[in-house]
Protein chains: 2
Amino acid sequence: MTRSTAQRVAAVLRERVERGDLPPGSQLSEEALGLDLGVSRNTLREAFRLLAHESLVEHRLNRGVFVRVLGPDDVIDIYRVRGALESAGVRAAALAPPALREAVTTAVTEAEWAADDGDWPAVATADLAFHRALAGLSASPRVDAAMDRLLAELRLAFHTMPSPRRFHEPFLVRNRAIEQLLAKGEYARAETELTTYLDDARQLIVDTMREERR
Amino acid sequence: MTRSTAQRVAAVLRERVERGDLPPGSQLSEEALGLDLGVSRNTLREAFRLLAHESLVEHRLNRGVFVRVLGPDDVIDIYRVRGALESAGVRAAALAPPALREAVTTAVTEAEWAADDGDWPAVATADLAFHRALAGLSASPRVDAAMDRLLAELRLAFHTMPSPRRFHEPFLVRNRAIEQLLAKGEYARAETELTTYLDDARQLIVDTMREERR
DNA sequence: CCCTTGAGGATTGTTGAACAACATCCTAGC
DNA sequence: GCTAGGATGTTGTTCAACAATCCTCAAGGG
């Protein structure tokens with residue numbers, strides 16, 4: 001048992017949130033969850049703080065913690081930061097260790113395999129891994145950590161997307177295109193390609209959210 | 001009382017750390033600090049989590065929390081991320097709201113005033129505000145938050161610098177130079193100038209740390 | 001002499017209960 | 001219909017206790 005109880009509780013809650021079991025906006029009652037998971041309120045509160053740190057839940061003073069609700073503004077902002085981090089990764093690709101460059105290729109390939117299987121949740125995961133790998137080209141622990149937090153947040157927005165397939169399928173070929181440009185050393189073109197890619201994806205999500213909100 | 005007790009305790013500890021009262025590496029004992037500040041261990045632990053979130057302290061399981069010790073690797077990494085965020089800000093400068101652009105100029109001016117007064121701690125603060133303003137040109141809450149965390153971390157490294165004056169003085173004129181380039185709309189030149197600026201600053205800190213460690 | 005081993009002490013991790021502080025809802029009164 | 005004020009439930013904080021873990025240091029064997 002190398003992890004604390006609070007960390008294990010946080011892991012359970014994280015999974016429930018990511019699976020959509022705890023929908024955005026729902027309150028996490030200290031008493032109810034404590035009884036459910038068999039931990040004390042104090043420990044549960046520590047777990048809440050860990051999740052709040054990942055922006056998965058929101059802590060309002062004297063009101064409790066709630067599963068985060070993302071608005072269009074949040075999505076726009078997330079994509080802005082992603083743009084900065086992933087672009088920096090692409091610019092650093094030339095100097096990146098081979099292992100990091102291979103991680104990009106691997107992620108693209110796995111997304112294509114998952115698509116062949118029709119496993120769209122897996123495609124979503126592999127797609128995020130691809131972008132994580134792009135940012136990872138910077139070889140920076142802090143960039144990696146920031147990227148992990150951003151993508152975890154973004155998963156919350158995915159819950160509002162009706163069809164994972166319609167959202168992810170068009171981007172598969174574009175993932176591969178960027179990967180090819182990187183392999184050929186055409187970093188400038190890869191970066192512009194990535195920028196329009198992110199703009200399109202963002203627009204798609206924002207439009208969908210605005211549709212839903214009616 | 002709009003802030004919780006834990007937040008107030010965290011603020012006190014944050015100040016002690018930033019003032020060098022609690023030197024890097026020292027342990028924050030739960031019992032001793034609880035007695036000192038008049039709060040229970042549980043509340044103190046909550047404050048510790050908040051500080052750990054800012055990377056000011058480090059939490060080791062079953063061992064307690066310690067004031068963060070920065071190594072050369074950390075400084076290098078922090079400057080890498082700073083480079084990405086501040087560069088992105090400079091690239092976004094053309095589209096940034098006037099208020100954000102003015103914040104850049106204000107920070108440079110305040111740094112110069114503080115230097116005239118010989119108040120070098122204030123110069124350090126204004127210098128950080130300048131770089132925060134550069135990143136702020138992206139107009140992104142998440143970039144702002146990330147930048148705040150990075151600069152708070154970096155303050156820890158400043159404690160190992162012997163003379164604030166020798167470190168900050170040479171960069172004052174370069175701050176102004178970058179600000180001028182931005183004002184003239186020469187964004188590309190501003191970006192390359194910024195990049196070499198950050199490289200130099202990083203090198204200075206890293207060299208100093210390696211000196212100290214003997 | 002060095003290394004391993006184990007007991008002891010100190011600190012953190014976790015619990016449960018209790019009370020205070022706060023937000024919300026409902027009702028009484030105008 | 002609206003405001004004031006109490007009722008109720010939740011979170012915020014404290015306290016005391018015990019369990020789990022780590023560190024130190026000394027005893028013992030090689």
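Sequence lines set the chain letters: A, B, ... in the order given, protein chains first and strands last, and positions in each chain run from 1. Keep in mind it's a predicted model, so treat the numbers as computed, not measured.
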| said: Using whole Å, what does the distance between atom C1' of nucleotide C:dT11 and atom CG of B:L61 come to? | reply: 12 Å

| task | Could you identify which residues of residues 27-35 of chain B place a heavy atom less than 4.0 Å from some atom of DNA chain C, listed by residue number, or say none? | result | B:Q27, B:L28, B:S29, B:E30

| task | Compare side-chain N and O positions of A:T5 against OP1 and OP2 of C:dT14 and report whether any pair is under 4.0 Å apart. | result | yes

| Between P of D:dT11 and CZ of A:R49, the distance in whole Å | 14 Å

| said: Rounding to an integer number of Å, can you tell me how far A:N62 CG sits from C:dT24 C1'? | reply: 12 Å

| request: On DNA chain D, check which nucleotide each of B:R41 and B:E46 is closest to and give me the residue with the more 5' one. | output: B:E46

| message | Check this one for me: any side-chain N or O of B:H59 less than 4.0 Å away from OP1 or OP2 of C:dG13? | response | yes

| request: Answer yes or no: side-chain N or O of A:N42 and base N or O of C:dG13 forming a donor-acceptor pair under 3.5 Å. | output: no

| said: Test your reading of the model: is there a side-chain donor-acceptor pair from A:E110 to the backbone of A:A107, 3.5 Å cut-off? | reply: no

| task | Output yes when a side-chain donor or acceptor of A:H159 lies under 3.5 Å from a complementary backbone atom of A:E18, and no otherwise. | result | yes

| said: Looking at B:D200 and B:R174, is any side-chain nitrogen of the basic one under 4.0 Å from a carboxylate oxygen of the acidic one? | reply: yes

| Between D:dT11 (C1') and A:F66 (CZ): distance, integer Å | 10 Å

| task | State, to 0.1 Å, how close B:P23 and B:V67 come at their nearest heavy-atom pair, and which atoms those are. | result | O-CB, 3.6 Å

| said: I want to check one thing: is the phosphate of C:dT24, taken as OP1 and OP2, less than 4.0 Å away from some side-chain N or O of A:R63? | reply: yes

| said: Check this for me: A:E169, atom CD, are more than 12 non-hydrogen atoms of other residues, nucleotides or ligands nearer than 6.0 Å? | reply: yes

| Does A:F66 offer a backbone N or O that forms a donor-acceptor pair with the side chain of A:R60 under 3.5 Å? | no

